[in-house]
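Every heavy atom of this structure was used, including side-chain atoms; hydrogens, water molecules and symmetry mates were not. Order of the sequence lines sets the chain letters (A, B, ...), proteins ahead of strands, with each chain counted from 1.
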Amino acid sequence: MNRPDSKVVNAIHQASFIKGDALDIPTLKVLDPQGVVIEGAQMPDIDETLALKIYDTLAFIRVFDERMVASQRQGRISFYMTCKGEEAAITGSAAALSDDDMIMAQYREQAALRFRGFSTPNFMNQLFSNAKDLGKGRQMPIHYGSNELNYMTISSPLATQIPQAAGYAYGQKLQGNDALTICYFGEGAASEGDFHAGLNMAAVLRAPTIFFCRNNGYAISTGTDEQYAGDGIAPRGVGYGIETIRVDGNDLLAVLLATQTAREYALKHNKPVLIEAMSYRLGAHSTSDDPSGYRSKEEEDLWAQIDGVLRFKTWMMSQGWWDEDKDAALFDKYRAEVLSELKVSEKIGAPALDELVTDVYNDVPKHLQQQLSDLKTHIAKYPDAYPSAKGESH
Amino acid sequence: MNRPDSKVVNAIHQASFIKGDALDIPTLKVLDPQGVVIEGAQMPDIDETLALKIYDTLAFIRVFDERMVASQRQGRISFYMTCKGEEAAITGSAAALSDDDMIMAQYREQAALRFRGFSTPNFMNQLFSNAKDLGKGRQMPIHYGSNELNYMTISSPLATQIPQAAGYAYGQKLQGNDALTICYFGEGAASEGDFHAGLNMAAVLRAPTIFFCRNNGYAISTGTDEQYAGDGIAPRGVGYGIETIRVDGNDLLAVLLATQTAREYALKHNKPVLIEAMSYRLGAHSTSDDPSGYRSKEEEDLWAQIDGVLRFKTWMMSQGWWDEDKDAALFDKYRAEVLSELKVSEKIGAPALDELVTDVYNDVPKHLQQQLSDLKTHIAKYPDAYPSAKGESH
Amino acid sequence: MAQMNLLHAINSALDHAMEENERVLCFGEDVGHFGGVFRATSGLQEKFGKDRCFNTPLVEQGILGFANGLAAQGSVPIAEIQFADYIFPAFDQIVNETAKFRYRSGNEFNVGSLVIRTPYGGGIAGGLYHSQSPEAYFTGTPGIKVVVPRNPYQAKGLLTACINDKDPVIFFEPKRLYRASIGEVPEESYEIELGKAEVVAEGSDVTLLGWGAQMEIIEQACEMAKEQGISCEIIDLRTLAPWDVDTVAKSVTKTGRLIISHEAPITGGFAGEISATISDQCFLHLESPIGRVCGLDTPYPLMQEKEYVADKYKIFEAIKASVNF
Amino acid sequence: MAQMNLLHAINSALDHAMEENERVLCFGEDVGHFGGVFRATSGLQEKFGKDRCFNTPLVEQGILGFANGLAAQGSVPIAEIQFADYIFPAFDQIVNETAKFRYRSGNEFNVGSLVIRTPYGGGIAGGLYHSQSPEAYFTGTPGIKVVVPRNPYQAKGLLTACINDKDPVIFFEPKRLYRASIGEVPEESYEIELGKAEVVAEGSDVTLLGWGAQMEIIEQACEMAKEQGISCEIIDLRTLAPWDVDTVAKSVTKTGRLIISHEAPITGGFAGEISATISDQCFLHLESPIGRVCGLDTPYPLMQEKEYVADKYKIFEAIKASVNF
Ligand SMILES: Cc1ncc(C[n+]2csc(CCOP(=O)(O)OP(=O)(O)O)c2C)c(N)n1
Ligand SMILES: Cc1ncc(C[n+]2csc(CCOP(=O)(O)OP(=O)(O)O)c2C)c(N)n1
Ligand SMILES: [Mg+2]
Ligand SMILES: [Mg+2]
C-alpha cells in the first residue's frame with residue numbers, strides 16, 4: 001500500500017472536496033432517436049440473422065406482455081409484470097452473450113429468456129402455475145427459470161442475485177469454460193447491501209461478471225431522486241475499480257455493442273464490468289400497481305417517443321432486412337400463438353399434491369413424509385375443501 | 001430524470017469504458033513527514049489551547065494503550081485494542097467537532113472519547129467490567145460509551161453504526177440544533193452492506209453526517225488489496241454524490257482542517273461528507289492477534305517513521321508551545337496516573353447480580369424477574385460456584 | 001365510532017401519533033407520496049410534510065439502521081418493511097442492534113421509541129416471498145417486543161401502545177385482513193395494553209390460542225366444534241414477546257386442553273415455545289397432548305396454498321382429537 | 001488414529017475434502033494465508049492455492065451470496081463466518097435464498113453443495129457479540145440442515161458428511177472446545193451420518209439431551225446425579241435440523257423424563273421445539289414436565305457469564321426436580 005508521503009501520491013494543500021458529480025459519465029449511442037445510425041458511430045457485431053432473431057424476440061415480448069396484462073385483468077392469471085420500454089436494453093444485452101453464459105435476472109427480463117429459446121408454453125405454464133411449470137407451481141407468475149437455458153430461476157428478494165452472480169462467475173472462471181455470468185438488476189435494487197457486496201467481491205476476486213443495471217427511472221413509486229443523490233449507478237463502478245459504461249438503453253445497437261465489448265473484456269481479463277442502461281419503465285410496476293398516482297402521462301409519452309423497439313425496427317428496415325408486411329405478419333403470428341397457447345396452458349391441471357414436500361431437501365425427510373401422509377388422510381375427510389382432491393387446476 | 005436523447009447528456013459513439021481508476025483522488029497534506037508546515041498550505045483553525053488539548057489527548061492515549069496491552073499480557077484484563085499509529089487521524093478529527101456532535105465510532109477511537117473528556121477511571125472501569133463501568137460490565141473491554149459525552153456505546157458488529165449515524169444526523173437536523181454526527185469506520189468495515197446503505201441514505205435524505213474512514217491498511221490480517229480493487233474508499237463518495245476528501249491520516253493538521261471544513265459544509269448544506277484518512281495500524285489488530293503472520297517488520301517501520309504524534313509534536317515545538325521537558329513531564333504524569341487508577345479500578349467489585357436482567361427492556365418483565373429470583377435461589381444452594389455469591393470482582 | 005378496515009385503523013393510529021408528537025416519523029419504501037404499496041401511510045406526507053413521512057432508498061438494512069439511529073437520537077421512528085418476507089436483510093440491525101442497544105450500553109442509550117411495521121402472512125396467493133410469518137425469529141430474541149393485531153379495533157389500539165411504549169416493537173400486520181376485516185373503531189386515539197392476551201370467547205372443553213389473521217380461522221373452527229357440542233375457549237395472544245403466560249396457563253388449567261395455531265411452519269414456530277412452557281406449567285392439568293396446527297415444514301407454496309395452510313378443518317380435527325384423546 | 005484438538009479435526013476434514021475434490025473451496029474473512037482467526041483453515045491456501053482458499057472482503061451477506069452462486073454453479077463452497085454472532089448480515093441470503101433455492105426452482109437449480117462453518121457459543125469471556133448460539137434461527141427454517149459436533153472425532157466425521165451431503169448445511173463449531181477438546185481422530189477421511197442422534201450413555205431414570213459444547217456440561221451433571229444414585233441417559237442430538245425425533249422419543253418412552261439443555265436463551269430456543277414434539281409423542285409416558293436448562297432471556301453478558309449460563313449445577317438441580325416430581 002502507498003505510504004501517504006510516497007512520491008506517487010497526488011497531494012493538495014488546500015481543503016477542497018472532490019465533488020459528488022466529479023465524474024461526467026457519457027452515454028454510448030449508436031442510433032439517433034429516429035433509429036438512424038449516428039455518423040461515425042462504432043457498430044456492434046451484428047448480421048441479418050442476429051438482427052432477425054433479436055426483432056423476433058422484441059415482437060414476441062411486446063405481444064406477450066400486452067396479452068398477459070389483459071389476462072390478468074380478466075382474472076385468468078393472478079399477477080404479471082411487463083418489460084415494456086426496456087425490451088431493447090434486455091434483448092440487446094442478451095444477444096451479446098453465448099448460450100453458455102449464465103443469466104441471473106431480477107424479474108423484468110423475460111425478453112432475455114425468450115432470446116435464449118424459452119417457448120411460449122414454457123412461459124404460459126409458469127404463469128398458470130400448472131403441472132408443466134418447470135418451477136412446479138411454487139412461485140408467483142413471472143418467476144421463470146430454466147437450467148437447460150442457463151437462466152437462473154427468479155427470486156423475489158431484490159439484489160440477492162448480485163453477489164450470487166459474482167460467485168457463479170468465479171466458479172465458471174475456475175472451471176475455465178470460457179463463459180461468464182450476466183446479472184440484471186434495477187436502479188432500485190442497486191441500493192441494497194447485496195449490490196455493494198456483489199460488485200466489490202467480483203472486483204477483488206476477479207469474477208468475470210457483467211453487472212447490467214436497468215435504470216428505468218422508478219422503483220415502484222420511488223423515482224431516482226429519492227433513490228440516489230449521485231449521477232446514477234455508473235459512477236459506483238469506479239468506486240469498486242470496475243470498468244464501467246453507460247449506454248442509451250433504448251438504443252439496441254448501443255446496448256449490443258456495450259455488452260459485446262464488456263463480454264470480451266471480462267473474459268479476457270477475468271474482471272467484472274458494469275453497464276448502466278438508461279431507459280424507462282413504460283408500463284406500471286406490475287399489475288398490482290397504478291402509476292398515475294406518482295407520475296405524469298406527459299413523462300410517459302416523452303419516453304414512448306424514443307421507444308427502443310421502433311428505433312431498432314427502423315434501422316432494420318434501413319438495412320433492407322425488414323418491412324411493414326413482415327412486421328404485421330409477425331405480430332399477427334404471435335398474437336395467435338399467445339392466444340392459443342394460453343388456452344392450452346390454463347387447462348393443464350395443478351402439480352401433484354406430493355410436490356408440496358419435494359425439493360425442500362434433496363430427499364424428502366421423514367417428518368415431511370409424515371406431514372404429507374397426514375395431509376392426505378385429512379384431505380380424504382374433506383374432499384370438497386381442497387382443490388387437489390377435487391382435481392381442480394386452480 | 002434525463003431522457004437519454006436530451007441535449008444535456010454527454011454522448012459517445014465508441015464503446016469505451018470509464019476506467020476503474022478514472023478518479024485521481026489527491027491527498028490533503030499540511031505537514032511534511034518531518035512535521036514542518038508545507039509552504040502555501042492552508043492552516044486549520046487552531047490556537048495554542050486547542051493544540052495543547054490535542055497533544056494532551058495524544059500523550060494520554062499513547063501511554064494508556066501501551067500500559068493496557070501490558071495489563072492484558074499480565075492477565076489483568078481480558079482483551080485490548082490500541083489505536084497506535086492512528087491517534088492523529090482520530091484526535092485531529094474529534095478536535096474539529098462541537099461537544100454537541102454525536103460520535104459513533106467503530107472501536108479503535110478511544111482518542112476521540114478522551115478528547116471529549118472521558119476520565120481515566122471511566123476507561124479503566126469499562127476495561128475491568130466493574131460496578132462503575134457505565135456499560136454495567138456487559139461488553140468486552142474497549143466497548144466504551146457515554147451519553148453525557150455524546151459518544152455512542154461501541155457495538156462489535158461492524159458497520160452497523162454507519163446507517164445509524166445517518167439516522168441520528170437526520171434527527172439532529174429536524175431538531176435544528178446545529179449539531180451533526182461523525183461516524184468512524186475502518187476500510188474493512190466499508191465493505192459491509194451497511195456502509196452502502198448508510199452513505200446512500202445520508203446523501204438522499206440529506207443528513208449532516210461526517211463519514212470518517214480510517215484506512216489503516218488492514219482488517220485483521222486482510223490487506224487492502226484483498227479488501228477492494230479500486231482506489232480506496234474515497235471514490236465511492238462520488239458514487240453516492242457525496243463531497244469527498246482524502247487526507248494524510250498521520251498529518252494531524254490536515255485531518256483537523258479537512259474535518260473542520262467538512263463540518264461547516266455538512267451543517268450549512270445539510271449534506272454528508274466523506275473523509276478518508278490514509279494511515280496505518282501500527283499495532284496488532286487486538287491483543288488476540290499477532291501481525292507477524294501476515295506482514296513485515298519493514299513495512300511497520302516505514303510507517304512508524306511518519307508517525308502522526310511525532311509530527312504534531314514537532315510542529316507544536318516550532319510554534320514555541322511545547323518542549324521536551326514538558327513532554328517528559330506529561331508522559332510521566334500519565335504513566336503514574338494510569339498505573340494508580342488501574343490499581344483502583346481492578347479492585348472495584350462486579351456489577352450487582354440484579355443487573356443481569358435490567359435494560360433488556362425498559363422495565364424488567366415478569367419472566368425475567370422470575371428467572372432472576374430462580375437464579376438467586378439456585379446460587380444460594382451453591383454459593384461457592386458463583387462469583388456473585390462469593391463477592392468476587394471477577 | 002366509525003367503520004374502518006384494518007388499513008384505515010393503522011393509518012388513523014399513525015395520523016394521531018404524528019399529530020400528537022412532532023418527533024414521530026414514518027418512512028420506508030414507497031411510504032411517502034404514494035402512501036405505501038398497501039396505502040397504510042396514505043395522506044401522511046401531505047399532512048405532515050416530506051421531512052416526517054418519506055420514501056427511503058430500497059435497502060431494508062439501511063431503513064432499520066437509520067431507524068435505530070433516529071430512535072437513539074430521541075426521535076420516534078416508525079419504519080415500514082414492505083413485506084415481512086423482506087425483513088431479513090435488516091435482521092442484523094434488528095437482532096444485534098435494536099434488541100441489544102439498551103442492554104449493551106448499560107442504559108446509556110436506547111432505541112425504545114422504535115416501531116417496525118410490516119405486513120405478514122398468507123392467503124393472498126403470494127407464494128414463497130409474499131406470505132411468510134417470521135414472528136418466531138423475533139420472539140426468540142430478548143430485547144424486542146412482538147405484537148400482532150387481529151382486527152381494526154385491535155390494530156389501532158395496539159399500534160398506538162407500541163408507539164408510546166418504551167421498548168422497540170415489531171408490529172406484524174395481517175395483510176390478508178387489510179381490506180377484508182372491517183369493524184367499529186373509535187375516531188380518537190386509544191391504547192390497548194401490551195403484554196396481555198385476550199380471552200376472546202369463554203369455553204370449557206379446550207383452549208384455542210392464536211394471533212393475527214389466524215384468529216378468524218380459529219373462530220370458524222370453534223363454530224364447527226360448537227355444532228358438535230364442544231365448547232372452546234379462544235385466546236388471542238396479541239403480544240407474542242414477552243407473552244402472557246398467566247392468561248394462557250389459567251385457561252388451560254381450566255380446560256385441560258390446548259391447541260395452538262399459526263401460519264408459520266410448525267417446526268421452530270412460536271407454538272413450540274408456548275407448548276413447552278404450558279406443558280411445564282400445567283403438567284398435572286393437561287388431559288391431552290397440546291396440539292399445534294400450523295403450516296407444513298416447507299417454504300410457503302403458491303398453487304398448493306389451500307392444502308398447506310392451517311385452515312379451519314385442520315383445527316377442527318385437532319379439536320376433536322384433543323377432546324377424544 | 002492421532003490425537004487432535006477440535007480445530008485440527010476440522011482442518012483435517014477440510015484438507016481431505018479439498019484433496020479429494022478440486023471443486024471444494026474454502027473462503028471467508030481472514031481464512032486465506034492467515035488460516036482464519038482461529039486457524040481452522042491453516043495451511044490450506046499454501047497447499048491448494050489462492051484460487052481455492054482465499055480471503056473475502058469483510059461482508060457476510062456477500063460471502064453467503066457468493067457461496068450460493070458458487071454452489072448453484074456446481075462448485076462445493078465451504079464458507080466461514082468468523083463468529084456466529086456475525087451471521088445475521090447474511091440472514092437473508094441464508095433464509096430466503098439458500099433454504100429456498102431448490103424448492104422455488106422446482107429443482108431446476110440447487111445449492112445443496114454449500115456448507116457454512118461458524119464458531120458459536122459462550123464460555124470464552126466474549127460477551128454479547130462473541131458468545132451467541134443462534135441455532136434456533138435456522139432450525140426454524142425449512143430447507144437447511146443444522147449440525148453441531150461435540151468433540152474432535154464427531155467434528156471431522158460430521159463435517160465430512162456435511163460437505164458430501166446434497167443439502168446446504170450450517171455447521172456450528174463449539175469454539176470453547178476448539179483447543180480444549182482433544183481426542184483420538186482417524187487420519188483418513190470418514191463420515192458420521194447426518195440426521196441421527198447418538199445415545200452417548202445409557203441410563204434409566206431420566207434422559208438428558210443436548211448438542212455441541214453443552215454435552216460436556218451435561219456429562220458433568222450426569223456424574224453428579226450418579227453420585228446420588230440417579231441414572232441418566234445422555235443423547236447428543238448432533239443434527240438439529242431435521243432432527244432425530246425417534247431416538248429421543250424412544251429414550252423418553254423408556255425413562256419417562258427429559259431434560260434439554262442449550263446455551264441459547266430459553267424462550268424461543270430449540271429446546272422448546274423438542275419439548276413440544278416429545279410432549280406430544282410421549283404424552284402418556286412422561287412422568288414429570290420436560291425440563292429446559294438454558295441461558296436466561298437476556299443478551300449474553302460478560303461479567304455475569306457464570307451466573308447466566310446453563311452450568312452443571314443447574315442441570316443437576318433440574319435432574320433432581322424431574323426425578324422428585
Ligand atoms: C428485498 C426486497 N425489498 C422489497 C421488495 C419489493 N419490491 C419489489 S420490486 C421493487 C422495486 C424495484 O425497483 P427496481 O430495482 O428499480 O426495478 P424495476 O421494478 O424498476 O425494474 C420493490 C421495492 C422486494 N421484492 N425485495
Ligand atoms: C459484522 C462483523 N463481521 C466480522 C467481525 C470481526 N472483526 C472484528 S474487527 C475486524 C476487522 C475490521 O477491519 P477495519 O474495519 O479495517 O478496522 P480496523 O481494525 O483496521 O481498525 C473483523 C473482521 C465483526 N466484528 N463484525
Ligand atoms: Mg427501476
Ligand atoms: Mg482497517
Review point. When you look at NZ of D/Lys306, are more than 12 heavy atoms from neighbouring residues, nucleotides or ligands closer to it than 6.0 Å?
Key: no
Exercise for review: For chain D, find its close neighbours in residues 125-134 of chain C: heavy-atom separation under 4.5 Å, sorted by number, or none.
Suggested key: C/Leu128, C/Tyr129, C/Gln132
Check your understanding: Is the D/Phe91 ring parallel, tilted or perpendicular to the C/Phe91 ring (thresholds 30°, 60°)?
Key -> parallel
Point to revise | Top contributor to chain C contacts, counting heavy-atom pairs under 4.5 Å, from D/Ile94, D/Ile87, D/Thr141 | key: D/Thr141
Exercise for review: Would you please go through residues 265-278 of chain C and name the residues with a non-hydrogen atom below 4.5 Å from one of chain D, in numerical order?
Suggested key: C/Pro265, C/Ile266, C/Thr267, C/Gly268, C/Gly269, C/Gly272, C/Glu273, C/Ser275, C/Ala276, C/Thr277
Point to revise | For chain C, the option from D/Gly140, D/Pro142, D/Ala99 that forms the most heavy-atom pairs under 4.5 Å | key: D/Pro142
**Study point:** Test side-chain hydrogen bond (donor to acceptor under 3.5 Å, both in side chains) applied to C/Asp311 - qualifying residues, sequence neighbours left out
**Key:** A/Tyr386
Practice item. Tell me, for D/Phe283 versus chain C, whether the close heavy atoms (under 4.5 Å) come from the side chain, the backbone, both or neither. Key: side chain
**Study point:** Gap separating the CZ atom of D/Arg104 from the CG atom of C/Leu302, nearest 0.5 angstrom
**Key:** 15.0 Å
Study note, to complete from the structure: If one checks every heavy atom of D/Tyr137 against chain C at 4.5 Å, the contacting part turns out to be both
Point to revise | Residues which pass side-chain hydrogen bond (donor to acceptor under 3.5 Å, both in side chains) with D/Ser322, listed by chain and number, not counting sequence neighbours | key: D/Ser288
Check your understanding: Near C/Lys250 NZ, under 6.0 Å, is it more than 12 heavy atoms from other residues, nucleotides or ligands?
Key -> no
Exercise for review: Could you tell me the separation between the CG atom of C/Asn96 and the CG atom of D/Asp85, rounded to the nearest 0.5 Å?
Suggested key: 6.5 Å
**Study point:** Residue part contacting chain C, namely of D/Pro242, when any heavy atom lies under 4.5 Å
**Key:** neither
**Study point:** Segment of C/Glu135 engaging chain D (4.5 angstrom heavy-atom cut-off)
**Key:** neither
Exercise for review: With a 4.5 Å cut-off on heavy-atom pairs, point out which of C/Thr139, C/Asp297, C/Thr298 contacts chain D the most.
Suggested key: C/Thr298
